[in-house]
Amino acid sequence: MSEENKNFEDGTYQNGPKYSNEVLKDGKTLAIIAHMTIIGWLIAFVMNHNAKNAYASFYIRQSLGIMLGILIFSFVPVIGWIVNVGFFILWIISLIGSLSGELRHIPFLGNQFQEWFHSF
């Protein structure tokens, strides 16, 4: 794992500029794939499992949290549908962040998802 990848994982990336082309090139595609349904998330997770990329791991954790939220609230009538519209908006924010090449925590839950799913 490169030094930049390590800094990315331990949080010191927040004070720096955008990431190198190496980290972005390897991770951006996986980050985008992770947002495309549960099958896309599984593909991104498996591809990222062997050669960890910090950028991809960040967005894999974000999309996992969003998908689990949608799954949980899909069983609640009416109120769950309204909450799922909010999760859909969070999904769009996360997808745009993964396309931009910079880390964007989703509002309200982004930091929690990073803590809860840190092993991913």
Side-chain angles (χ1 to χ4, degrees):
M1 185 180 292
S2 71
E3 184 64 33
E4 185 177 47
N5 230 351
K6 289 178 187 172
N7 290 342
F8 193 89
E9 278 296 319
D10 69 10
T12 56
Y13 62 88
Q14 294 172 343
N15 299 327
K18 286 190 173 185
Y19 313 102
S20 72
N21 288 336
E22 178 188 327
V23 171
L24 281 178
K25 184 175 73 172
D26 295 340
K28 197 171 184 180
T29 304
L30 290 177
I32 295 166
I33 290 172
H35 286 84
M36 303 303 156
T37 72
I38 192 69
I39 295 169
W41 184 89
L42 286 170
I43 291 168
F45 177 75
V46 169
M47 290 178 70
N48 191 49
H49 187 67
N50 293 334
K52 288 272 188 187
N53 181 289
Y55 186 80
S57 294
F58 176 85
Y59 280 105
I60 286 171
R61 290 188 292 263
Q62 291 277 109
S63 61
L64 174 63
I66 293 169
M67 285 187 227
L68 287 176
I70 289 172
L71 179 68
I72 291 168
F73 283 101
S74 65
F75 294 107
V76 180
V78 185
I79 294 174
W81 301 331
I82 294 168
V83 172
N84 277 342
V85 169
F87 272 111
F88 179 70
I89 292 169
L90 294 177
W91 177 82
I92 291 172
I93 292 170
S94 182
L95 180 62
I96 291 171
S98 69
L99 292 168
S100 72
E102 54 189 46
L103 294 182
R104 291 190 186 166
H105 289 271
I106 58 171
F108 311 112
L109 297 171
N111 291 330
Q112 291 297 318
F113 291 159
Q114 296 304 313
E115 289 176 22
W116 292 341
F117 307 123
H118 186 71
S119 61
F120 293 105

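From a predicted model like this one, the values you see are computed outputs, not experimental measurements.
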Asks: To check you understand the geometry: which heavy-atom pair defines the closest contact between Ser57 and Lys52, and what is its length?
Replies: OG-CD, 4.0 Å
Asks: If you round to the nearest 0.5 Å, how far is OG of Ser100 from CG of Leu95?
Replies: 10.0 Å
Asks: Nearest 0.5 Å, what's the CZ-CD distance between Phe113 and Gln62?
Replies: 7.5 Å
Asks: Are Val83 and Val76 close enough that some pair of their side-chain heavy atoms sits under 4.5 Å apart?
Replies: no
Asks: Are Ile79 and Leu71 connected into the same hydrophobic cluster when the rule is that any two of I, L, V, M, F, W, Y join if their side-chain heavy atoms are below 4.5 Å apart?
Replies: no
Asks: Report yes if the side chains of Leu109 and Phe87 come closer than 4.5 Å at any heavy-atom pair, otherwise no.
Replies: yes
Asks: Under 6.0 Å between ring centres: does that hold for His105 and Phe58?
Replies: yes
Asks: In terms of hydrophobic clustering (I, L, V, M, F, W, Y; side-chain heavy atoms under 4.5 Å; direct or indirect links), are Leu90 and Ile82 co-clustered?
Replies: no
Asks: If you define the side chain from C-beta out and look only at heavy atoms, does anything of Leu30 sit under 4.5 Å from Phe45?
Replies: no
Asks: When clusters are formed by joining ILVMFWY residues with side-chain heavy atoms under 4.5 Å apart, either directly or through shared neighbours, do Ile92 and Phe108 land in the same one?
Replies: yes
Asks: Say you draw a straight line from OG of Ser119 to CZ of Arg61; how long is it, rounded to the nearest 0.5 Å?
Replies: 8.5 Å
Asks: Going from CZ on Phe88 to CD1 on Ile70, what distance comes out if it is rounded to the nearest 0.5 angstrom?
Replies: 8.5 Å
Asks: If you look only at pairs with a residue in residues 67-89, which of them pass as a side chain to side chain donor-acceptor pair (under 3.5 Å), with sequence neighbours excluded?
Replies: none
Asks: So, does Tyr59 use its side chain to make a donor-acceptor pair with the main chain of Arg104 at under 3.5 Å?
Replies: yes
Asks: Could you state the interatomic distance from CG (Asn111) to CH2 (Trp116), rounded to the nearest 0.5 Å?
Replies: 11.0 Å
Asks: Let me have the donor-acceptor pairs involving side chains of residues 33-43, under 3.5 Å, with sequence neighbours excluded, atom names and distances please.
Replies:
{"from": "His35", "atom 1": "ND1", "to": "Ala31", "atom 2": "O", "distance (Å)": "2.7"}
{"from": "His35", "atom 1": "NE2", "to": "Ser94", "atom 2": "OG", "distance (Å)": "2.7"}
{"from": "Thr37", "atom 1": "OG1", "to": "Ile39", "atom 2": "N", "distance (Å)": "3.4"}
{"from": "Trp41", "atom 1": "NE1", "to": "Ile60", "atom 2": "O", "distance (Å)": "2.9"}

Asks: Ring pair (Phe, Tyr, Trp, His ring centres under 6.0 Å) with Phe117: which residues, sequence neighbours excluded?
Replies: none
Asks: Take atom CE in Met67; do more than 12 heavy atoms of anything else shown fall under 6.0 Å from it?
Replies: yes
Asks: Please answer whether the main-chain N or O of Asn53 pairs with a side-chain N or O of Asn48 as donor and acceptor at a distance below 3.5 Å.
Replies: yes
